[in-house]
Amino acid sequence: MQRSSLLVILIFLIGIIYIGRLFQLQVIEGKSVNPINSATVKIEYDYPQRGYIYDRNGKLLVANQLSYDVMVIPKEVKNIDTLQFCSLLKITKQDFLRRFNKAEKYARWLPSVFLKQVAKEDFAYLQEKLHKFKGFYIQRRIIRNYPIKSGANILGFLGEVNEQQAKKSEYYENGELIGKSGIENYYENELRGVKGKKYFNRDNLNRITGSYKSGEYDTLAVAGKDLTLTLDSDLQRYGELLMNGKRGGIVALEPATGELLALVTAPSYDPNMMVGRKRRTFSQKLFSDTINNPTIDRGLQAVYSPGSPFKILNGLIGLQENVIDPRTAIYCNGGYRYGKRKHEFMRCHCGVYGRPIRLKEAIAKSCNSYFAETYRKIINKSENTKTGFDNWSNHVKSFGLGNFLGYDLPVGNKGLVPNSKYYDDRYSFGWRATTNISNAIGQGEILTTPIQLANATAAIANRGFYYTPHIVKRISNSPIDNSKFIIKKTTTINSNHFPTVIEAMHEVFKTGTGKYSQVKGIDICGKTGTVENFAIINGEKVQLTDHSILIAFAPKENPKIAMAVFVENGGFGSTIAAPITSLMIEKYLNGDVQRKNIEERMMNLSLKDTYNKQLEKRDSLETIKE
């Protein structure tokens, strides 16, 4: 009797324990359990429409199109006719094994992409036959389409999420698409939307037995947000045509807002090349081209010496530091001697000899002597060289040089604006203003990107302030609310110093190096530059063909566009950069270009022979060294 009672009590206790454990699993913990982790639950995804992308005038730049992926859940694949399956998908058995092993390694119970982006004409036939092969099914996806075939560097492209990314992410699965570059990358969270999910119970034979928890966890897909860019697609395409056959970058922005109007890099490519199954072939070709570098955004990533346009900043700093005024006269005499040795002489080609030259004329005629002397006065104004140099450096940085600016694109180069520590580390002996006198004319250690120079030009056009450059204007019809894009950034130069240099920049296009690129009815202010170009070959500094550059804004009063143009190895700034700049300004402000002869000449001008000669020169020097 006693044994019987103990047995009843034991059975009762075990029952209580089981009931308690079931209650804990199903009621308490069940609320927080993610059904994706259960092998008895199947998940079906509904991929949302990715957000569309438009230019500032409402032109469609990026659209969507349907694509179909063959998916696999390795654990469910059993007893299939592999040869028949391979014939159906037009793949080899070796390819089948490679793809299947990759999916199995990722997760046996989770779906992953087996064959991506099946052709539309094959979809219906596959859908009809695929039910014979358990564990495989077709998943509808959204891929991109680019109607205008322009601005690949801005728009970017989509790529697959790899295993490592998928395992770290709570949102993405292996093989799904994610923005890899450009707008698609920077605004991924806004563009992607939210996947819809449906959960189903399945039995030990992997058969669907009904909705999981009556659809409690099911969610609907939410479409991505549309983006309206600041870009003027007509101006962008026009700039790409002008840069045909050339290497370099064009950056145009609206000074009053910091909105990017054009961001041209050359050479570039059709963004549709990075869509679909052809993407792999094209991407290998594009990314392996280390000579033309079509995937490098030269407007954001390429660094160049700023050349003569940098003289404008040195003039403004000289005015701010009160070491010069508009009437300060300096004699040129064909150059500037800054030491006793023969090589310590900076040549000048301003055409002024034996008479004094003042700031306005010095900018218009690009006098090296004037700005070398101004630079030395700025550095030597302080108690010691280091203090004076750091003061100068801070003035330069206030124009946005030497940093990434903070624009809404994922790539860039901060360039270089040296400080005193830079030279302390570089030289074991003492240094002074004449040690780095080339900074006076933008040929020293200063390195800038086209977007930085365009931004500095906007700051000059605005008489001392700028807004952070940005490419997105609206998100789902709501203006951007990012504070960094709408806060005015002020330079260290007082506004009263700008009219003098602006008048001088206007003179460049009236009577100076830009006079042959004037546009009737438009007052253009600018500064041409011919930048010396060097390459390190086998440890030696070798001079190559000069770069052609120009900065400009227009009109002079209430400016609507500010620009920087860099044409690699284009020679004089007045011969290529100046006409391209004026054509871009004419196109944007007037809507049409009347100077058809100049337009045709620039569009048909190719520097391919120049680039080939430089490559031959480099190869020959390397061969000689060996």
Side-chain angles (χ1 to χ4, degrees), residues 298 300-318 320-321 323 336 338-339 341 343-346 368 371-407 411-456 459 466 489 491-493 529 531-537 539-544 547 549 551 564 566:
R298 284 173 163 85
L300 304 178
Q301 295 174 279
V303 290
Y304 310 90
S305 296
S308 292
F310 193 72
K311 294 172 182 175
I312 295 172
L313 298 190
N314 275 325
L316 287 167
I317 296 170
Q320 180 67 29
E321 290 298 318
V323 297
Y336 183 76
Y338 54 91
R341 298 176 184 177
H343 70 275
E344 292 176 327
F345 182 76
M346 180 185 291
N368 288 347
F371 292 101
E373 178 63 19
T374 299
Y375 175 79
R376 183 152 69 173
K377 286 181 178 181
I378 295 168
I379 307 303
N380 293 339
K381 178 186 175 183
S382 300
E383 296 178 0
N384 60 71
T385 299
K386 293 180 182 180
T387 301
F389 189 85
D390 284 337
N391 182 45
W392 172 85
S393 178
N394 290 333
H395 280 305
V396 174
K397 290 174 182 176
S398 77
F399 284 83
L401 303 186
N403 67 58
F404 292 103
L405 290 176
Y407 48 75
V411 297
N413 196 316
K414 68 177 183 179
L416 175 64
V417 176
N419 56 17
S420 61
K421 185 179 183 305
Y422 176 89
Y423 290 105
D424 286 343
D425 294 340
R426 190 179 178 108
Y427 299 112
S428 57
F429 54 86
W431 56 275
R432 54 189 186 274
T434 54
T435 307
N436 45 51
I437 195 70
S438 293
N439 287 331
I441 59 172
Q443 289 282 182
E445 284 71 39
I446 297 284
L447 291 174
T448 60
T449 61
I451 193 171
Q452 289 173 343
L453 271 192
N455 182 70
Y466 66 90
K489 295 188 176 181
T491 70
T492 54
I493 310 300
V531 179
E532 291 183 341
N533 174 32
F534 297 93
I536 304 300
I537 301 175
E540 296 182 7
K541 190 176 182 180
V542 178
Q543 185 165 8
L544 303 175
H547 297 321
I549 70 173
I551 64 170
F566 281 74

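Hydrogens, waters and symmetry mates are skipped; everything else that's a heavy atom, side chains included, is used.
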Would you please say whether a donor-acceptor pair under 3.5 Å links the side chains of Thr387 and Ser382?
no

Can you tell me if Asn419 and Ser393 form a side-chain donor-acceptor pair at under 3.5 Å?
no

May I have the step-by-step check of side-chain contact (heavy atoms from CB on, under 4.5 Å) for Leu405 and Asn403, ending in yes or no?
CA-CA 6 Å; Leu405 290 176; Asn403 67 58; 3.8 Å; yes

Indicate yes or no: does Lys386 engage Asp390 in a salt bridge with an N to O separation below 4.0 Å.
no

Over all atoms of both residues, closest heavy-atom pair of [X] and [Y]:
X	Y	result
Met346	Ala372	SD-CB, 4.1 Å
Ala433	Tyr375	O-CE2, 3.6 Å
Ala564	Pro450	CB-O, 3.4 Å
Ser305	Gly442	CB-O, 3.4 Å
Glu445	Pro418	CB-CG, 4.3 Å
Tyr423	Trp431	CB-CE2, 3.4 Å

Quick one: does any side-chain atom of Glu532 pair with a main-chain N or O of Gln443 as donor and acceptor, under 3.5 Å?
no

Quick one: does any side-chain atom of Lys381 pair with a main-chain N or O of Val323 as donor and acceptor, under 3.5 Å?
no

Check the pair Phe310, Val396 against side-chain contact (heavy atoms from CB on, under 4.5 Å), reporting the backbone distance first and the verdict last.
CA-CA 9 Å; Phe310 193 72; Val396 174; 3.9 Å; yes

Using 30° and 60° as the class boundaries, would you call the ring planes of Trp392 and Phe389 parallel, tilted or perpendicular?
tilted

What is the ring orientation for Phe429 with Tyr427, classed by angle as parallel under 30°, tilted 30 to 60°, or perpendicular over 60°?
tilted

How far does [atom1] of [X] sit from [atom2] of [Y], to the nearest 0.5 angstrom?
X	Y	atom1	atom2	answer
Asn314	His395	CG	NE2	11.0 Å
Ile378	Asn439	CD1	CG	11.0 Å
Asn368	Ile437	CG	CD1	10.5 Å
Ile551	Asn455	CD1	CG	11.5 Å
Asn394	Thr492	CG	OG1	8.0 Å
Ile549	Thr448	CD1	OG1	7.0 Å

The test is side-chain contact (heavy atoms from CB on, under 4.5 Å); show your working for Phe566 and Arg298 and say whether it passes.
CA-CA 9 Å; Phe566 281 74; Arg298 284 173 163 85; over 6 Å; no

Criterion side-chain contact (heavy atoms from CB on, under 4.5 Å) on Leu313 and Leu401, from CA distance to verdict
CA-CA 11 Å; Leu313 298 190; Leu401 303 186; 3.7 Å; yes

Could you check if a side-chain atom of Thr449 sits within less than 4.5 angstrom of a side-chain atom of Leu300, using non-hydrogen atoms only?
no

